[in-house]
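All values derive from a computational prediction rather than experimental measurement. Values below: every heavy atom of this structure, side chains too, minus hydrogens, waters and symmetry copies. Numbering of residues begins at 1 and proceeds along the displayed sequence.
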Amino acid sequence: MAFTPALEESAQSGTHAVTNQPPPLAPYDAADDTVLLEGLRREGAGWAEEELRRLGLRAGSAEAQEWAELANRHEPVLRTHDRYGNRVDEVDFHPSWHHLMRTAVAEGLAGTPWAEDRPGAHVARTAGGLVWGHTDAGHGCPTSMTYAAIPALRKEPELAKVYEPLLTGREYEPELRVPTEKRGLLAGMGMTEKQGGSDVRTNTTAATPTAEPGVYTLHGHKWFTSAPMCDVFLVLAQAPGGLSCFLVPRVLPDGSRNTFRIQRLKDKLGNRSNASSEPEFDRTVAWLVGPEGQGVKTIIEMVNCTRLDCVMMSATLMRRTLVEAGHHARHRSAFGARLIDQPLMRNVLADLALESEAATTLTLRLAGAADRAVHGDAGEQAFRRIATAVGKYWVTKRGPAFTAEALECLGGNGYVEDSGMPRHYREAPLLSIWEGSGNVNALDVLRALRREPDTAQALFGELALAQGADARLDAAVARLKDLLASASETSARRLVEHMALTLQASLLVRHAPAAVADAFCASRLGGDWGHAFGTLPDTADLDAVLARALPGNN
């Protein structure tokens with residue numbers, strides 16, 4: 001007997017009934033994070049909590065999450081010439097990119113903190129990044145570089161007087177125009193070249209002085225310059241007096257286009273919403289920033305700021321993917337129980353939660369140090385110098401393994417693009433590479449310890465604040481002193497890893513609940529841990545860790 005059309009349609013539709021799948025995560029509150037809010041208050045920016053909570057709701061909204069997805073699906077496109085054959089070197093973006101950028105700049109996530117005198121302004125910005133970063137990581141590149149450009153630009157007060165008010169504003173104007181005719185600017189930087197990479201002292205871009213004091217012309221080719229649509233760039237080039245720092249505007253004061261030929265956009269593993277390019281300079285007009293021959297010294301403060309943002313974004317990716325994994329585990333059942341109630345899944349999620357809390361806590365401590373250093377605290381400046389390099393090395397190293405484990409919590413669902421997890425996974429390795437790879441940062445820690453003794457004093461002063469609270473931590477501090485005594489380039493990674501874990505543990509012992517601190521010290525310092533996430537000891541209070549990390553019922 002043949003089926004009737006109606007029965008046939010019913011039978012077909014029955015095979016597509018959707019059960020045992022989680023609902024969409026969005027809308028959710030990206031600021032619903034106890035660790036973040038506690039750190040915000042502790043580091044002196046409690047006044048920003050209301051605005052941060054508002055931003056958290058916006059970041060987790062369906063609209064903002066769609067902006068992030070679309071900005072990555074519709075990647076930037078290079079347009080070298082206009083229809084008439086004129087060289088324009090512009091990059092076209094999907095409207096969603098501009099929505100993300102406009103929000104980030106308006107929320108003060110670019111240069112704004114430098115224009116605010118109140119304590120905690122830099123902490124508030126970092127916390128905002130930890131929340132707004134739940135959308136898309138790519139647009140964090142131009143906002144980060146804009147933030148970081150200010151202290152370097154201040155080495156040339158006359159230039160700072162012109163550009164700083166525009167770089168610290170909250171207006172986003174993407175069109176290329178004369179900078180001083182705009183209400184807001186973005187800044188980028190061009191350091192690396194193909195023959196040297198991180199070894200910027202081997203740069204071959206040449207800077208030739210003109211008849212006008214402080215004005216040069218550049219000739220050369222940069223290898224990896226992100227965000228080529230920015231208005232101005234800080235660029236390293238070889239002047240007669242040695243490697244120097246220069247300000248390069250895309251549009252000159254007379255309205256003509258400065259020579260900034262974009263040879264191509266990089267086809268990157270991740271960070272695909274953001275354009276990264278190879279610009280060529282050919283008699284490109286540039287203004288000297290700082291003295292000739294002190295380019296690295298001038299731009300290093302910019303690098304310190306962007307390194308903090310690398311730590312911040314790694315912590316953000318950890319938190320974002322943990323939230324996604326927890327949401328899935330709450331709503332998905334297997335083997336007769338929800339995943340969140342399965343003991344081994346609880347171990348995995350709790351282990352991830354410990355890593356996330358340690359990363360977020362350290363990020364906000366670094367932001368607090370940066371904020372207090374700006375206001376003249378020499379001790380915090382020394383701590384910031386060493387701890388930012390330590391955090392940059394370790395937290396960004398943990399990111400790829402973390403996001404891979406969080407993705408696995410979703411199983412096959414996490415491996416498909418629709419889940420968004422592959423995008424986060426591809427993003428994670430960038431933060432370890434950008435602003436110096438692991439080796440560069442590990443060696444930078446050694447350099448700081450040897451050349452700036454006050455940095456070691458500041459670090460051990462910080463660790464001493466938790467002395468006597470946990471025997472495993474005390475033993476780790478003692479071992480760290482032994483490692484420092486025999487430190488070499490070959491062992492630099494091991495030294496910095498131990499330094500990072502000890503510092504994270506000290507912060508958690510002081511500021512986190514006992515269950516969190518005990519589980520972290522037992523696993524990370526006490527050796528009661530495996531080689532993968534989800535190997536916490538039976539003594540760990542998984543319920544307490546998860547209740548703190550996954551509040552609400554998203």
Side-chain angles (χ1 to χ4, degrees), residues 35 38-44 119-120 122-123 304 307-308 311 315 354-355 357-395 441-442 444-487 491-492 494-527:
V35 179
E38 287 179 355
L40 180 79
R41 301 170 197 135
R42 184 171 59 246
E43 298 298 339
H122 296 267
V123 177
N304 286 335
R307 282 181 175 175
L308 170 59
V311 183
L354 288 177
E355 195 74 30
E357 175 154 356
T360 298
T361 302
L362 178 56
T363 299
L364 291 169
R365 176 65 184 94
L366 296 176
D371 194 274
R372 290 183 280 276
V374 168
H375 291 90
D377 189 321
E380 286 291 88
Q381 174 62 34
F383 174 77
R384 176 203 181 203
R385 169 69 182 92
I386 189 74
T388 300
V390 169
K392 165 65 169 71
Y393 172 82
W394 181 243
V395 176
N441 277 270
D444 188 43
V445 172
L446 278 187
R447 187 180 305 110
L449 291 170
R450 291 168 177 170
R451 298 181 181 179
E452 304 170 58
D454 58 333
T455 59
Q457 181 180 349
L459 177 66
F460 282 105
E462 179 78 12
L463 296 176
L465 296 175
Q467 186 174 356
D470 188 286
R472 294 158 299 194
L473 176 57
D474 290 344
V477 173
R479 181 164 180 259
L480 178 58
K481 292 178 180 178
D482 292 338
L483 289 173
L484 280 174
S486 59
S491 62
R494 175 172 294 204
L495 169 68
V496 178
E497 176 178 321
H498 188 72
M499 198 177 292
L501 290 172
T502 306
L503 178 56
Q504 287 182 323
S506 72
L507 290 170
L508 295 182
V509 165
R510 290 165 55 202
H511 304 304
V516 171
D518 179 71
F520 189 90
C521 288
S523 55
R524 274 66 170 176
L525 298 183

Check Ala448 against Ile386 and note the closest heavy-atom contact, atom names and distance. CB-CD1, 4.0 Å
Check Ala315 against Val395 and note the closest heavy-atom contact, atom names and distance. N-CG1, 4.3 Å
Testing the basics here: between Leu459 and Leu480, what is the closest heavy-atom pair and its distance to 0.1 Å? CD2-CD2, 4.5 Å
Could you tell me whether the side chain of Glu452 reaches within less than 4.5 Å of the side chain of Arg385, counting heavy atoms only? yes
For His498 and Ala476, indicate whether the former's side chain and the latter's backbone hold a donor-acceptor pair under 3.5 Å. yes
Contacts satisfying side chain to side chain donor-acceptor pair (under 3.5 Å) that involve residues 505-516 (not counting sequence neighbours) are Glu462-Arg510
Considering non-hydrogen atoms only, spot the tightest contact between Ser523 and Ala519 and give its length. OG-O, 2.7 Å
Which residues pass the side-chain hydrogen bond (donor to acceptor under 3.5 Å, both in side chains) test with Arg307, sequence neighbours left out? Asn441, Asp444
Rounded distance [0.5 Å steps], CG in Leu507 versus OG1 in Thr360: 12.0 Å
Do you know which two heavy atoms are closest between Leu364 and Val35, and how far apart they sit? CD1-O, 4.3 Å
Quick check: do Leu503 and Phe383 have side-chain heavy atoms less than 4.5 Å from each other? yes
Looking at side-chain heavy atoms only, is the closest gap between Gln504 and Trp394 below 4.5 Å? yes
Is there side-chain contact between Asn304 and Arg384, with at least one heavy-atom pair below 4.5 Å? yes
Where do Leu484 and Met499 land on the side chain to side chain contact (heavy atoms under 4.5 Å, CB included) test, with the steps shown first? CA-CA 10 Å; Leu484 280 174; Met499 198 177 292; 4.2 Å; yes
With salt bridge (Lys or Arg N to Asp or Glu O under 4.0 Å) as the test, would you mind laying out the steps for Arg472 and Asp518 before giving the verdict? CA-CA 9 Å; Arg472 294 158 299 194; Asp518 179 71; 2.7 Å; yes
Distance, nearest 0.5 Å, that separates CG of Leu449 from CD of Gln457: 12.5 Å
Does this structure show an ion pair linking Arg365 with Glu380, if we count only N-O contacts that are shorter than 4.0 Å? yes
If every non-hydrogen atom of Val509 is compared with every non-hydrogen atom of Cys521, which pair is closest and at what distance? CG2-SG, 3.8 Å
Which value, rounded to the nearest 0.5 Å, describes the distance between Phe520 atom CZ and Leu473 atom CG? 10.0 Å
Just wondering, do Gln467 and Leu463 contact through their side chains at under 4.5 Å, heavy atoms? no
Which value, rounded to the nearest 0.5 Å, describes the distance between His375 atom NE2 and Asp377 atom CG? 11.0 Å
Is a side-chain N or O of Asp454 found less than 3.5 angstrom from the main chain of Ala382, in a donor-acceptor match? no
Got Arg524 and Leu354 here, is their nearest side-chain heavy-atom distance under 4.5 Å? yes
Inter-residue atom distance Thr363.OG1 - Glu43.CD, 0.5 Å rounding: 11.0 Å
Determine whether Thr361 and Arg42 make a side-chain contact, defined as any pair of heavy atoms from C-beta on separated by less than 4.5 Å. yes
